[in-house]
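Computed from a predicted model, the values in this text were never measured in an experiment.
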Amino acid sequence: MKDENKSKKQLIGELDRLRQRHTQLETDSKGVAAALSESEKRYRRITEAITDYIFTVKVADGHPAETHHGPTCEAVTGYTAEEFNADPFLWIRMVPAEDQDIIRAQASEALSGHDPEPIEHRIIRKDGQIRWVSNSLVPTSDGQGNLVSYDGLLRDITNRKIAEETLRESEERYRHLVETMNEGLAMADQDYVFTFVNERLCEMLGYSREEMLGRHIVELVHEDYKDFMQDQVARRQRGEARSYEIDWRAKDGQRVYTLISPKGFYDANGQLTGSLGVLTDITDRKRAEEALQKAHAELELRVQERTAELLQTNEQLKREIEDRKRIEQELRESETRYRLLINNMPSIVYRGYKDWSVDFMDEKVRSLTGYSMEEFNSRKKKWSEVIIGSDLETAKKAFIQALKTNKSYVREYRIETKGGEILWIQERGQIVCDKDGEIEYVSGVFFDVTERKQLQKAIVQREKLNTLGAIAAEVAHEIRNPLVSLGGFARRLQKKFPDMTECDVILQQSQRLEKILSRIRNYLHPVEIHPQECSVNSIITDSVGLLSPETEIRGLRCQLNLNPDLSDVYTDPDILTQIFVNLILNAAEAMDNGGVLSIRTFESEQDLYIEFKNPSSEPAVKHPELLFMPFAEGGESIGLPLCYRLLRNMGGLLSYASEIDHMVFTVSLPKSVRRDLQ
């Protein structure tokens with residue numbers, strides 16, 4: 001029994017020792033793993049920093065027999081040593097075809113027992129990158145002088161190549177700038193000996209560049225300025241730098257006048273190490289001044305000889321000067337008034353040319369079209385490019401007609417702004433021709449008449465509705481009574497003569513006339529409106545979503561171009577939804593085979609606009625106003641006439657326009673809060 005208990009205790013003790021050993025091993029393994037992870041990180045950093053590697057080519061019988069690539073080859077080429085060993089031709093394939101000849105030439109040089117010069121060439125890394133490398137070979141011979149191998153050092157020099165190319169381009173740009181500048185440029189060392197001159201300075205003085213380099217500046221300065229130049233040299237050594245005039249003696253002996261702008265270069269101790277000067281040739285100006293001085297001297301002589309004549313001439317000159325000053329002052333005042341007038345006119349003044357290019361006088365054109373004055377004046381934009389295509393021909397006809405008469409014209413057409421807004425423009429122009437009758441330019445002004453056009457349409461619609469209301473009321477009153485009598489007599493005849501089919505026709509047509517009269521009466525009846533602040537963009541989005549099942553069936557796609565900054569409007573959202581739904585359905589009916597309906601929103605200072613534009617194979621409507629009349633046959637909804645009437649009651653407007661292969665319906669709503677709509 002004691003032996004059994006002792007055995008159990010021994011087992012328990014052994015188990016405890018095993019557990020402690022296991023714990024110790026786990027702790028040690030974690031430390032080893034952490035050290036291994038850190039070692040791998042250091043290895044990766046070292047590998048990524050490696051830019052070169054060594055390879056060895058063993059030679060047998062004068063030919064390469066075996067190549068060994070060092071372990072760092074992967075950092076440079078992306079390929080491992082094992083990959084190179086598995087594919088003996090990988091190394092040469094890694095070199096672009098146009099660089100392979102210099103590789104082979106270098107290897108041939110080493111195989112022939114010579115010490116080849118290092119070369120530079122490109123390689124294609126495994127990841128596809130093109131890298132530049134420096135390739136240096138060192139041959140190794142045995143005791144008998146036989147080549148047994150050569151070692152190669154491949155170093156990545158891509159960054160250096162990029163820096164060299166950047167430096168070359170920079171130097172090329174600097175050289176081009178220096179050699180093409182209109183001023184002379186010279187650089188000198190601390191002793192004022194020329195170290196650089198550009199071509200322009202050589203032209204100014206008549207010397208070649210070789211004749212000037214290495215010579216002291218004072219040697220080429222004109223005799224009258226040698227002491228002055230020595231003083232300037234002393235000033236530069238003291239750190240002073242200011243522009244001054246100095247004369248030079250050219251190679252042909254001519255005197256060259258220049259204005260020089262100097263710049264000194266100094267070391268950390270403030271000692272002059274060199275200087276640079278930019279020389280502007282002012283010879284023509286100086287000679288003009290000398291000529292003026294000579295003329296002045298001659299004038300003084302004449303004054304002495306002819307005092308009386310000079311006094312009279314002087315008085316006349318004073319009067320001329322006063323007149324000139326007065327004219328100049330009047331001209332400045334006139335220009336100021338003209339500029340003030342141009343800037344404050346509501347119109348935009350322009351000068352136009354035969355190719356439709358224009359010059360504008362101020363930036364008001366940007367607020368009208370969205371394009372800057374510079375875009376038009378630099379000929380990047382022509383006026384014909386902003387005119388709506390269908391209106392361009394009308395504008396041309398007005399111009400041609402003006403040429404046949406008094407060469408002045410007034411024409412109205414639509415333009416599309418940079419932001420896509422359609423505006424009505426009134427242009428007043430006067431054509432100016434030369435003595436041969438050829439057009440030189442057109443002087444004119446542009447007016448934005450969009451609001452006026454909208455107001456005219458609204459007035460016309462209001463008058464049409466008023467007239468239609470009066471006529472409809474009179475017609476309904478005058479027709480309904482005889483129509484009732486006609487129907488009554490027809491029913492009596494039908495009872496008396498049941499087989500008479502003419503009675504059925506009379507009754508059917510009477511009922512049809514009754515429906516038409518009801519439709520006209522309902523069309524003119526006021527609509528009850530419940531206005532509130534609402535977002536037009538949201539209503540359009542909801543309307544498109546509401547009709548999506550039907551539009552998908554018809555193959556119609558709605559393309560929305562909604563202005564995100566569109567103002568809210570105070571109107572009835574339910575009625576506006578009904579209008580948008582009717583217009584979308586109207587577009588769907590016009591596109592039998594489906595297509596794209598473009599819906600766009602934009603605004604002016606007074607109104608919001610919603611444009612519905614869809615392709616149409618039908619010819620343009622000759623009388624658009626009939627689209628909005630309530631006399632067509634239909635179901636419960638009368639489509640466009642209904643939209644027309646609803647918008648009219650909300651203070652808005654529905655208009656139609658035709659473009660090439662497209663029909664466009666535009667809804668306009670006033671932006672101002674209209675709380676009197678109810």
- Mind checking what makes side-chain hydrogen bond (donor to acceptor under 3.5 Å, both in side chains) contact with Gln237, not counting sequence neighbours? none
- Message: According to salt bridge (Lys or Arg N to Asp or Glu O under 4.0 Å), who are the partners of Arg285, at least two apart in sequence or on a separate chain?
- Response: Glu245, Glu289
- Item | Contacts of Asp227 that satisfy side-chain hydrogen bond (donor to acceptor under 3.5 Å, both in side chains) - sequence neighbours left out | none
- side-chain hydrogen bond (donor to acceptor under 3.5 Å, both in side chains) against Ser443, all qualifying residues, sequence neighbours excluded: none
- Item | Listed once per pair and sorted, the salt bridge (charged side-chain N to carboxylate O under 4.0 Å, His left out) pairs that draw on residues 260-282, sequence neighbours left out | none
- Task: Work out which heavy atom in Ser384 is nearest to a heavy atom in Leu392; give both atom names and the distance.
- Result: CB-CD1, 4.2 Å
- Message: I'd like to check the side-chain hydrogen bond (donor to acceptor under 3.5 Å, both in side chains) partners of Arg160; sequence neighbours left out, ordered by chain and number.
- Response: Glu120, Glu164
- Kindly write out the residues that satisfy salt bridge (Lys or Arg N to Asp or Glu O under 4.0 Å) with Arg255, not counting sequence neighbours, or none if the list is empty. Asp224, Asp247
- State which residues pass side-chain contact (heavy atoms from CB on, under 4.5 Å) with Glu109; sequence neighbours excluded, sorted by chain then number. His114, Pro116
- Listed once per pair and sorted, the ring-ring contact (aromatic ring centres under 6.0 Å, His included) pairs that draw on residues 253-304, sequence neighbours left out: none
- Keeping to residues at least two apart or across chains, list the ring-ring contact (aromatic ring centres under 6.0 Å, His included) pairs with something in residues 181-224. none
- Message: Arg326: which residues meet the side-chain contact (heavy atoms from CB on, under 4.5 Å) condition with it, sequence neighbours left out?
- Response: Asp323, Glu330
- Message: To the closest 0.5 Å, what do you measure between CG (Leu220) and CD (Glu211)?
- Response: 10.0 Å
- Not counting sequence neighbours, list each pair that qualifies as a salt bridge (charged side-chain N to carboxylate O under 4.0 Å, His left out) and has a residue in residues 425-434. Arg411-Glu427
